[in-house]
Amino acid sequence: MAFEYVPGNTFFHKLDPRVKLMYWFVVVVLTVALGSDPIFLFLLFLSVLLVVHASKIPMSRIASFLKSVWPVAAVYGIFNLLFPPAASTFKNPWVFFYAIPPSMLPISLEGIVWMFGAMLRFLTLLLVIRTVLMITPVRDLILAFVKFRVPPEFGMALSIGFAYVPVLIDENQKIKEAQQARGFEYQYRNPLKKFDALIRRMLVPAIFNSMRRTSDISIAIESRGFGYAISHRTYMHELHLTQGDYAFLALMIIVVVVGVAVGNFGLNWVTYTNTVTLLKHLAGRV
Amino acid sequence: MSYSIVLENVRYTYSQDLEPALKNINLRVAEAERVLITGPSGSGKTTLCRCLNGLIPHYFRGKLEGKVTISGVDSRSSTIAALSHKVGLLFQDPSSQLVCPTVTEEVAFGPENYGVPPPEIRSRVQNSLRSVRLERYGDRNPHSLSGGEQQSCSLAAVVAMRPEIYVLDEPTSNLDPIGSSQVLNLLANMSRQGRATMLIVEHKMEELLLMVDRLVVMNHGEIVLEGKPRDLMDDVEAMEKIGLNIPQVSLLASRLKKKHPSLARTSPITLEEAVDAFSTLLEPGKSVREQLRSQRAEAADAVISVRGLTHVYPNGTPALNGVDLDIHRGEFVALLGQNGSGKTTLVKHFNGLLRPTAGTVNVFGMDGATTSIPELSKKVGYCFQNPDHQICCETVQKELEFGPTNLKVPVEVVQRRVSEVAKAVGLESVLSKNPFSLSKGERQRVTVASLLTMECEALIVDEPTTGQDYKMSREMMDFYKKLNEEDGRTIIVITHDMNISAEYAHRVIVLKDGKVLIDGPTRDVFSKSDLLKTTYLNPPQITRLGQALSKFGIPGDILTVSEMAEIMDPLLEGN
């Protein structure tokens, strides 16, 4: 499941959901600020893995998650290798060969370094959101949204969405089986046929059922008073920032300020060129 | 006297309908009164419930005439949310009223909406969950619970709102026997504490009659009978005519009364009352009858053979554990057991939807482990519980063509079969209609018809009567009986309804924890009350009456009220 809370009682689990969202935001900012240097991005990636480890989330789960997103990351990487957006800034690139001989799509050291940076950024962004969701129950997420002035209706929609995940999975399985029981086969070789089968035979009942359920759900929530003086709605669980929250928040602020400063504004210390220069030094080609 | 609910000359017509769903309704429910409303499907019970918390007129579109007053407030001048503060509504289908990702939040949802202070919410959640025995499930997704637990959770969510009035719309009709008795026990507790006004809508009266002060019978949008349960049960003829599920003991007493004046003052509404009443009327040991035997001989050949069948789901859940059985040609089999006992897992092996983890399944001479689903489904049709999971075509005609076309039957043959089946099932007039626009009963017939066009020799029917009223259940079962007797089809029905099983099945198989607990002719199985009890099943009320009266020479394997009346008739003669 894409959204799976892993219960726990660690420092990171106990953080206020607003601070967790803040942490996510900081990592996103850093991936952009340090956006092209694979060394720093790798360190950032490791730091998120450290949070995973400290939250006692089994590494096997992260591994299987990374395995499932790996193909997308690979395609993204190859695209960045062939068409590096920073190509115009490559000074005197070390070209190994051309993807289309004799002189189109050069594969250079700069391009490869850029590719690793892009892939690490991509994986870090996915990993951090996954990690935050694994240590935050939906309830806390909704509470945080409410504190950030997102309307309660949005929180409700999110809540219903999570509540119905098992129902939808079960329903789709039943619909599929009901049709197989009448000799319908989903195992078409032809992807177009397969697509047609899925759309026509799965979607019609699925949409019909969802439509009717939507009406049932809105009756159910109105019958439980949703919408009664909504601005005075209360929440069973209240959020309180603890000392740990403040400490972690302070750390995040320092990290993001320093990160943005060295990465972007004026200083520009952290770019892919550092790595390129380093590698060229190591190879003795300055 | 102060009234919680007052309906005066209420008439309601949904905007898409011509006929009113409710007409001429006058009903006053006093504070703390408990009322049971019953009536066939479409008699207006649910519409009545919708009037009580303002869903009518504020959510549904239509024309409301007359006046609905809830605790002194006119429903027209209020809102759904405001009325729901006074009226807690529990719906039939638990899965469409659970809207939060965890049980705790589900229960807190109502109080949160009304701005109850957080500490108070926490204590209400704790109390409500304890009262429905779900305190250990607080962090679970409500949809991952069993049906009974889901409905208990919904009930806790209503209780936490502290309404003055509870309106419960068929709270047990989608549940298995365990779930049903869980919820009924909770209702009995609430009713005993006796502060709140309760209005319960149910088809099954048997367990509820003792719990309520008043019984209201609806038919065609009107209240047709009303009174104390015992008074109404004195003469059940009118209710029988409407097609209600009357407690079997009341039905029996009412029938015998006509010939035997000694019963004039006997109108039992529970099994215990009936046992007491008949014990004083019958003489011990007057005539000891042999057990009844009208069993069907098992002469026919086995069409489905299961040997040592074990199934373990990929996530490691064991569902079947060494099942052995033979289904013979032309048998009518009822498959009983609680949810999770393995019924559905078992029958899915008959058409290849599941494959054995160990053991063998032989289906009409084909190997159930390796034969493709389409090959197996030529012989075995599987009718799903919810027709909306099965229907997938734009017209009824196409729906009926779907199966045979998949099986590559020539077009002319398909057309011939479709017109034959449509005629036999009574769907000729709707062939060009969109199946989703039909009524639930019709949709169910469409799904059966769409299997019949495949000309399968055996038909598996998954809970055909769950959520249906007495009359519709009968019609469905009569239909399967016809398919069985006239066309010689083998029928396997999964059901939770003991009365239906007793009346229609030749043979009953009871599963428990993935094993066969009992397998035998219907009469033999239901005479084994003690064994059935180990999986929380009860034989029909009339069978249990016979068993309780064994010292008066009444056999313990009576299956229907008519049988019992026939046996009792001469025994009462002498007195």
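Worth saying up front: this structure is predicted, and the values here are computed from it rather than measured. Here is the naming used below: chain letters follow the sequence lines, and residue numbers restart at 1 for every chain.
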What distance separates [X] [atom1] from [Y] [atom2], expressed to the nearest 0.5 Å?
X: A:Arg213; Y: B:Ser95; atom1: CZ; atom2: OG; value: 5.5 Å
X: B:Leu55; Y: A:Ile219; atom1: CG; atom2: CD1; value: 6.0 Å
X: B:Ser144; Y: A:Asp170; atom1: OG; atom2: CG; value: 11.5 Å
X: B:Ile80; Y: A:Ser223; atom1: CD1; atom2: OG; value: 6.5 Å
X: A:Ile175; Y: B:Asn386; atom1: CD1; atom2: CG; value: 9.0 Å
X: A:Phe162; Y: B:Thr102; atom1: CZ; atom2: OG1; value: 12.5 Å

At their closest point, which heavy atom of [X] faces which heavy atom of [Y], and how far apart are they?
X: B:Asn113; Y: A:Gly225; answer: CB-O, 3.2 Å
X: B:Pro101; Y: A:Ala163; answer: N-CB, 3.9 Å
X: B:Tyr382; Y: A:Ala181; answer: CB-CB, 4.2 Å

For [X], is it the side chain, the backbone, both, or neither that has a heavy atom closer than 4.5 Å to a heavy atom of chain A?
X: B:Ile391; value: backbone
X: B:Thr405; value: neither
X: B:Thr447; value: neither
X: B:Lys378; value: neither
X: B:Pro111; value: backbone
X: B:Asp388; value: both
X: B:Phe109; value: both
X: B:Tyr114; value: both

- Whether B:His143 and A:Tyr164 hold their rings parallel, tilted or perpendicular, with breakpoints at 30° and 60°: tilted
- Query: How far apart are the C-alpha atoms of A:Ile221 and B:Gln97, what are their side-chain angles, what is the distance that settles it, and do they pass the side-chain contact (heavy atoms from CB on, under 4.5 Å) test?
  - Reply: CA-CA 7 Å; A:Ile221 66 175; B:Gln97 55 187 321; over 6 Å; no
Validation row: [X], [Y] side chains within 4.5 angstrom (heavy atoms):
X: A:Tyr228; Y: B:Ser84; value: no
X: A:Glu177; Y: B:Lys348; value: yes
X: B:Ile373; Y: A:Phe184; value: no

- Message: Does A:Phe11 have more than 12 heavy atoms from other residues, nucleotides or ligands lying within 6.0 Å of its CZ?
- Response: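 Counting other residues, nucleotides and ligands, CZ of A:Phe11 exceeds 12 neighbours.
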- Task: Take atom CD of A:Gln243 as the centre, draw a 6.0 Å sphere, and report whether it contains more than 12 heavy atoms from other residues, nucleotides or ligands.
- Result: no
- Going by an N to O cut-off under 4.0 Å, is there a salt bridge joining A:Arg224 and B:Glu106? yes
- Are A:Arg182 and B:Glu399 ion-paired here, with the side-chain N under 4.0 Å from a carboxylate O? yes
Heavy-atom pairs under 4.5 Å with chain A are the metric here; pick the option from [options] that has the most.
options: B:Asn351, B:Leu98, B:Asn53; result: B:Leu98
options: B:Leu407, B:Leu89, B:Val116; result: B:Val116
options: B:Ala81, B:Pro404, B:Gly352, B:Ala82; result: B:Ala81

- So what's closer than 4.5 Å to chain B heavy atoms on A:Tyr235: side chain, backbone, both or neither?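 Both backbone and side chain of A:Tyr235 come within 4.5 Å of chain B.
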- Task: Step by step, work out the side-chain contact (heavy atoms from CB on, under 4.5 Å) result for A:Gln180 and B:Leu353.
- Result: CA-CA 8 Å; A:Gln180 287 179 319; B:Leu353 285 175; 3.5 Å; yes
- Item | ring-ring contact (aromatic ring centres under 6.0 Å, His included) partners for B:Phe91, two or more places apart |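 With neighbours one apart ignored, the set is empty.
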- Message: Before you tell me yes or no, could you show the steps for B:Val99 and A:Met156 under side-chain contact (heavy atoms from CB on, under 4.5 Å), namely the whole-Å CA-CA distance, both residues' side-chain angles and the distance that decides it to 0.1 Å?
- Response: CA-CA 8 Å; B:Val99 294; A:Met156 190 66 230; 3.8 Å; yes
- Give the member of A:Ser218, A:Ala220, A:Gly183 that has the highest number of heavy-atom pairs under 4.5 Å with chain B.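 Of the options given, most contacts go to A:Gly183.
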- Message: Below 4.5 Å, heavy-atom pairs only: which of A:Gln179, A:His237, A:His232 has the largest tally toward chain B?
- Response: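 Between A:Gln179, A:His237, A:His232, the count favours A:Gln179.
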- Message: Between A:Ser215 and B:Phe60, is the side-chain contact (heavy atoms from CB on, under 4.5 Å) condition met? List the steps.
- Response: CA-CA 10 Å; A:Ser215 153; B:Phe60 290 94; 5.7 Å; no
- Would you say B:Glu112's side chain and A:Met236's backbone share a donor-acceptor pair under 3.5 angstrom?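 Flag set: sc B:Glu112 to bb A:Met236 pair under 3.5 Å.
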